[in-house]
Amino acid sequence: MTQLRTNEFIAPPECPVFEPSWEEFADPFTYINKIRPIAEKTGICKVRPPKGWQPPFACDVDSLHFTPRIQRLNELEAQTRVKLNFLDQIAKFWELQGCTLKIPHVERKILDLYQLNKLVNNERGFDAVCRERRWSKIALKMGFAPGKAIGSHLRSHYERILYPYNLFQTGANLLVSQMGRSLSFSHHPCIFYILSFFLSHSLSRPLSCVSQYSLCRVDQYMCLVCGSGSEENRLLLCDGCDDSYHTFCLIPPLHDVPKGDWRCPKCLAQECCKPQVAFGFEQAGRDYSLRTFGDMADSFKSDYFNMPVHMVPTELVEKEFWRLVSTIEEDVTVEYGADIASKEFGSGFPIRGGRFQVSPEDEDYLSSGWNLNNMPVMDSSVLTHITADICGMKLPWLYVGMCFSSFCWHIEDHWSYSINYLHWGEPKTWYGVPGYAAEKLEWVMRKLAPELFESQPDLLHQLVTIMNPNTLMNHGVPVYRTNQCSGEFVITFPRAYHSGFNQGFNFAEAVNFCTMDWMPMGRMCVDHYRQLNRYCVFSHDEMVCKMASKADTTMDVALASAVQRDMTVMLQEEDKLRDKVSKMGVQRSQQAEYDLLPDEERQCSKCRTTCYLSALTCPCSPGQLVCLHHAHDLCSCTSSKLTLNYRFTMAELYPMMEAVTLRAESYTYWVSHVSDILEAKQDKKSGLEELRSLVVEAEVKRFPQSDLLRQLRTVTLDAEKCAVVAQQLLIGKRKSQSQNLLTVEELRSFVRQLHNLPCSIRQAPLLKDLLTRVDDFQQSSEQLLYDEAPSPAALQGLLDVSLGLDVELPQLALLRERLEQARWLDGVKGASVRPHSLCLDTMRRLIDQGVGLAPHGSVERAMARLQELLTMSEHWEERALRLMEARPRHCVETLVEALQEVASIPAYLPNCLLLKDTVDQAKDWLQEAETLQLGGRIPVLDTLTELVSRAKAIPVWLDPLARLDSLVFDVQAWKESAAKTFLMKNSTYSLLEVLCPRCEAGTGPQKSKYKRAKDAAQCSERNSARLDCLSDVERALSESKDSASAVRAVRQKEMESLLALRASNESKLLLAGDCGALRVCVCHKAPSGAMLQCELCRDAFHRSCVLGSNQDPLPNQAWVCPQCQLSEKPPLDRVLPLLASLQRIRVRLPEGDALRFLIERTVRWQHRVQQASAEVGQGVAVTTSHQRWASSSPTWNGVACPKKEAVNGKRTKRHMEEEGSERKDKAKKPRKKKPKLNKERSQEAKGTCSPTATHSDLSLSDSDEDFTLCAAPWCRDVSFPLSFYQVNWVQCDGSCQQWFHQVCVGVSAEQAEKEDYICIRMVLKYHQFSLSHSSGCITTQ
């Protein structure tokens, strides 16, 4: 036998579970017959009652007392029990010799002695295994790992424990070979056992039989081996027979006297040869009530699993159960309250007349077919014809289970059905084998545990043996399982083996029932019992005869047919057996009322079959009888002394069968008559009334609902329908559309019934013509429907033809469907040829329309293409949206690749088009950025800002964007820094207004914006070339390449406006005769008191009006009014870094140009002041004029105004004009200008130059200019690769003589030609020199 599976238990597949409706649940036998084709394939099934079917528990919990069975789990399993029996025999063998058997351990686990013994025997015995060295092979078969010398250990254990036992078992055969030899005590281990058998056999024979061995019978104190009585202290006395043996004469010899009882070889053979007691369950030693048993069961389960009982998973309990039954190391014992008679203790279901009081709402459960007290005795159950109350079959049995309590593999008595209902408690796990595999299961169990069946041939009928379902499945036996919960039924089918166990404390009830389909199985079971010599629970022949005695009109026809078939077999067998007995010479016969005798008094003494129809008795054996199958086994008397006892004569049995046959044949005659009518020819038709009479007869006689009856009803209904339709067609009532039209089948059936049915229709020609036209229509429809793509016009034409047919045509629906399909296909085709209008909504609409259409190949293909296009379009729409919304954003190349894939999709995709527009915008932007980068010009802030804002709106990763955005950020930071430097707190002016020359002379904060705009418009009309407003100045600075010219133009206008304003204010003050009419100051009131006069605008102001905005002027200090004082006056050393930082930013903005022009004006003004001071020789005055520009030289828009001369008094307009003309003349003087060079400077040449060039390096000669760098310190840090392009250069006119890129220092080509350029370094140097004499400030608005 192979090794017991130690792997984890694998649950078999689940059996079917049925959930009947209330209507199906009403008749249990009808429902069981309905599910039988499915359920009998698995042997068992589970039925869940409809929701709400909950019968009350009628058993008295307190009064129910029972004595459970004791179950030792490892004794239940067949293979485990075989092992335990073998170990018991080995232990007994050694115990009788005074030794205690200790099972050895190998590799830390108990050695399976049974498997070892089996494997060695399969390998032809111990000697063959040793000779062929197969111990390693045996170790592998036992599951031990190779390479650990386990084979030698197995050999040692086998030789020490099992080899003596096996020699003892085969000693009789070895004795024969030793009989012809002289007796010699060799040391071979088998001699001991040979001797034991020899002595036991020789002592039982006469002395002459053993004289050749010179052995004689000795007294009890003489050694039976050597015949000597010496050394009495070494003599052993057998505790069984008191025979004496020397310890040294035994083979193998004993060194010491055994401590326990010792048996001689003869007694040992007698004890070991005793047959084993049949295995069965013991009864527990105590009585339980439901409560005490439940407490014990719950305590056991919770203690075993160490958790509350309701939390233990059923899978865990199942695996643990099969582990326990398969192990010999653990001995777990449980108790099971099984086969408790409900007749004695009460059923769990309520019964009429019972002690349990049923409430009115529960009275339906008293008569329910699913009440197990009612099911066996219902009319549909065959067992209702058995008068005796058979416990377990007709009367339910109760079962009270606990965890691990089990019911072993078995089939029901007489192979009947069984039904089990779990009233309450924890689940019950079931395993079932279908009836067709019953013999396979029996064969497997006999093969795997033959020792058990040798001692108990009917072992499977004892309900004491189980076998692991996995083992059965591995040998080809189909096994199914289920967990039965409370309130559920489990049904087992005929000859279906089933077993299981309880998950915990529960209460179940079970009973048997038999249906008419069981009857052949029941007779087969009786024959099977006869072969096994097993008694029957009831007499099958008696049941059949009682059923035959009631063969009247009340018997179901189907049951009568089943009884007829079974009774035919019974009578044929009985007639044959009686004829056989008669031929044996049995002459005597008498009638016996076997139905009045108990079953135990009429059992065959040979096969234990319950006799009913006949039996043989003999006067020599009173109280004994045999069935006719065992006529020769009653006694040894002659056949003439035997008596045939019969219940019915054959002459009485045949009329009984004829009555059953008549009942069954009444249905047969009806079937024949109906068949003849349905197959009648044209000239033998019957009338409609005859058909109706046959239908009524079937209903009255309760004929089974067969196909023939259903066909008869159908034919009758068709005939009646045809008659009605013919009458309606005759009188013309069918033309109303409100009436139901004839179907084609009805019309065709009517025409066909003219030949097949007993009906005559006068309107046959009309109907035949209509049928012909319908057939033509159907043929045309089939041809059109067969077409793969019919045109909508053809379909519509055929539908128009159908309007003239007063018949319900089934093709109309198909034609309408195909018409809808054709129109839909045309719509799809039209949409496909216009991909520019095929949007997602159109595709979805077409798909939604297509979903509602009937399935067709063309539609499905079009739907597949459309669905594929929609899926692809949606995918690309989503992908396009994700590409545009991706963070980080994708580059243009990635989007272009995606667009290339989208280009092949013939659909209108908005997101993809938007993606394409986005890519185009990105490309345009990159082109603009590249043009801006490669143009050689410093970008204007507005252009750069607009470019950055556009780029941020484009959902594409643009490499230049980060650099441009950084430039814009730097510019904004620079503007904020400049604003903090120049703007006064809470100033209403912008930075550009402060830095640029004032282009609106005579206007102050009090002038409204509307008036400013109006004046600017009027000035623009007069002279469009003039810069009349700040916006014009800003636009000119942004658009003009020569920003100096633009600012100079504004400066010229500023001077003109200033002179005009000064002249106006001075004339106003000088010419005013009446001071009361004069309007001055910001309040526009007449002068009063001490007045202040602005140094720039020359207007007068009240001290009270301007005192808060400006302090009183100090002596010899000029005062500027709030309208002229527009900004702070930062020192030059704070302003020059601003210009330097702006030049590093490399962005052109109006404020920067204005600041640079302001610094240049300041520097030129300082030059002029120094020159004027040097010419006049008034160094002190010059120094004084440089002390504070804002005080000594008031400024108008950042230009230092000439100071008043102490000798000449107030300067006049004419003097200012003369100065302006002098400057013009000076500007016209020719001067030598350093040439402007265009250089091609490569990145390599720029990279070779040192970033820390000295002053001497920067002042190289013109011949070395091609190899120098731009002296601007920010040139190497610019973002634009200027050295790659042709650029213009300018040389500083200061003392440094260094060369600069014009674009790096913000100088245009025109400025480089016309004006001197002084670099920032020289300006700072000059400023530091000036600070050594005086400190100066830049005065702005």
Side-chain angles (χ1 to χ4, degrees), residues 278 386-388 390 393 413-416 453 455-462 519-548 566-654 656-657:
I386 301 176
T387 56
I390 305 173
M393 290 202 72
D413 291 333
H414 289 258
W415 297 354
S416 61
F453 287 89
S455 58
Q456 290 180 278
D458 61 343
L459 179 66
L460 292 177
H461 294 280
Q462 306 301 322
M519 294 189 67
M521 297 289 293
R523 184 160 295 279
M524 290 174 58
C525 179
V526 173
D527 295 337
H528 182 73
Y529 283 177
R530 184 181 295 112
Q531 296 174 5
L532 295 178
N533 297 331
R534 174 175 169 79
Y535 68 90
C536 299
V537 178
F538 61 89
S539 173
H540 188 86
D541 293 339
E542 180 181 0
M543 180 191 68
V544 172
C545 290
K546 288 185 177 181
M547 294 171 65
D566 191 81
M567 197 171 187
T568 300
V569 175
M570 180 186 71
L571 293 186
Q572 290 177 355
E573 183 180 9
E574 183 66 19
D575 193 9
K576 182 178 178 180
L577 290 173
R578 290 188 184 186
D579 184 62
K580 176 183 175 182
V581 171
S582 177
K583 291 179 180 179
M584 286 174 52
V586 178
Q587 302 296 330
R588 303 177 185 178
S589 63
Q590 63 180 7
Q591 190 172 15
E593 299 290 338
Y594 282 133
D595 48 355
L596 302 180
L597 296 177
D599 288 353
E600 59 270 12
E601 296 183 9
R602 50 182 174 136
Q603 287 183 354
C604 173
S605 59
K606 176 63 176 179
C607 64
R608 304 180 67 185
T609 299
T610 302
C611 299
Y612 177 73
L613 290 179
S614 59
L616 289 176
T617 59
C618 183
C620 71
S621 303
Q624 290 188 1
L625 54 84
V626 292
C627 63
L628 301 188
H629 290 276
H630 301 97
H632 297 284
D633 298 321
L634 177 60
C635 62
S636 60
C637 299
T638 61
S639 299
S640 59
K641 295 183 179 181
L642 301 180
T643 303
L644 174 63
N645 298 273
Y646 59 88
R647 177 64 182 86
F648 300 104
T649 64
M650 297 302 296
E652 293 174 334
L653 289 174
Y654 279 113
M656 293 174 60
M657 188 180 70

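Counting from 1, the numbers follow the sequence of the chain as shown. Side-chain atoms are counted along with the backbone in the values below, which use heavy atoms only and exclude waters and symmetry mates. Please read these numbers as outputs of a predicted model, since none were measured by experiment.
Between Ser640 atom OG and Arg588 atom CZ the span is 7.0 Å, to the nearest 0.5 Å. Distance check, rounded to the nearest 0.5 Å: CE of Met543 to CG of Asp595 gives 14.5 Å. Atoms CG and CZ, on Leu571 and Arg578 in that order, are 9.0 Å from each other to the nearest 0.5 Å. Rounding to the nearest 0.5 angstrom, the gap separating the OG atom in Ser639 from the NZ atom in Lys641 is 11.0 Å. Considering CZ of Arg530 and NE2 of His629, their distance stands at 3.5 Å, rounded to 0.5 Å. With rounding to the nearest 0.5 angstrom, the NZ atom of Lys580 is 11.0 Å from the NZ atom of Lys583.
Annotation: cation-pi pair Arg534/Tyr529 present, NZ/CZ under 6.0 Å from the ring centroid and within 45° of its normal.
For the pair Gln590 and Asn645, the tightest heavy-atom approach, listed with the atom from each and the gap, is NE2-OD1, 2.5 Å. The nearest pair of heavy atoms linking Thr610 to Cys536 is OG1-O, 3.8 Å. Taking each heavy atom of Asp541 and Tyr612 in turn, the nearest pair found is C-CD2, 3.9 Å. Summarising the geometry of Ala548 relative to Met656, their closest heavy-atom pair is CB-CE, 4.1 Å, with the distance given to 0.1 Å. Heavy atoms only, all atoms of each residue included: Leu653 and Cys545 are closest at CD2-SG, 4.4 Å. Minimum interatomic distance between Cys525 and His414 (heavy atoms only, all atoms of both residues): SG-CA, 3.2 Å.
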Determine whether Lys606 and Leu634 satisfy the following criterion, side-chain contact (heavy atoms from CB on, under 4.5 Å), listing intermediate values before the conclusion.
CA-CA 8 Å; Lys606 176 63 176 179; Leu634 177 60; over 6 Å; no

Exercise. Give the C-alpha distance, both sets of side-chain angles, the deciding distance and a yes or no for side-chain contact (heavy atoms from CB on, under 4.5 Å) between Ser539 and Arg602.
Key: CA-CA 10 Å; Ser539 173; Arg602 50 182 174 136; 4.2 Å; yes

Where do Asp579 and Lys576 land on the salt bridge (Lys or Arg N to Asp or Glu O under 4.0 Å) test, with the steps shown first?
CA-CA 5 Å; Asp579 184 62; Lys576 182 178 178 180; over 6 Å; no

Going through the checks in order, is the side-chain contact (heavy atoms from CB on, under 4.5 Å) test met by Leu628 and Leu616? CA-CA 7 Å; Leu628 301 188; Leu616 289 176; 3.7 Å; yes

Q. Would Thr609 and His630 satisfy side-chain contact (heavy atoms from CB on, under 4.5 Å), going step by step from the backbone distance to the final call?
A. CA-CA 11 Å; Thr609 299; His630 301 97; over 6 Å; no

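Annotation: side chain of His632 is in contact with side chain of Met584 (closest heavy-atom distance under 4.5 Å).
Annotation for Lys546: atom NZ counts as buried by contact number, over 12 foreign heavy atoms lying within 6.0 Å. Around CZ of Phe648, the count of heavy atoms belonging to other residues, nucleotides or ligands within 6.0 Å exceeds 12.
Looking at Ser614 and Glu574, their side chains do bring a donor and an acceptor atom within 3.5 Å of each other.
Side chain of Glu652 to main chain of Thr649: a donor-acceptor pair is present (N/O by atom type, distance under 3.5 Å, no hydrogens or angles). Listed for the Gln591 side chain is a donor-acceptor partner under 3.5 Å among the backbone atoms of Arg647. Within the 3.5 Å criterion, the main-chain N or O of Gln624 finds no donor-acceptor partner in the side chain of Ser605.
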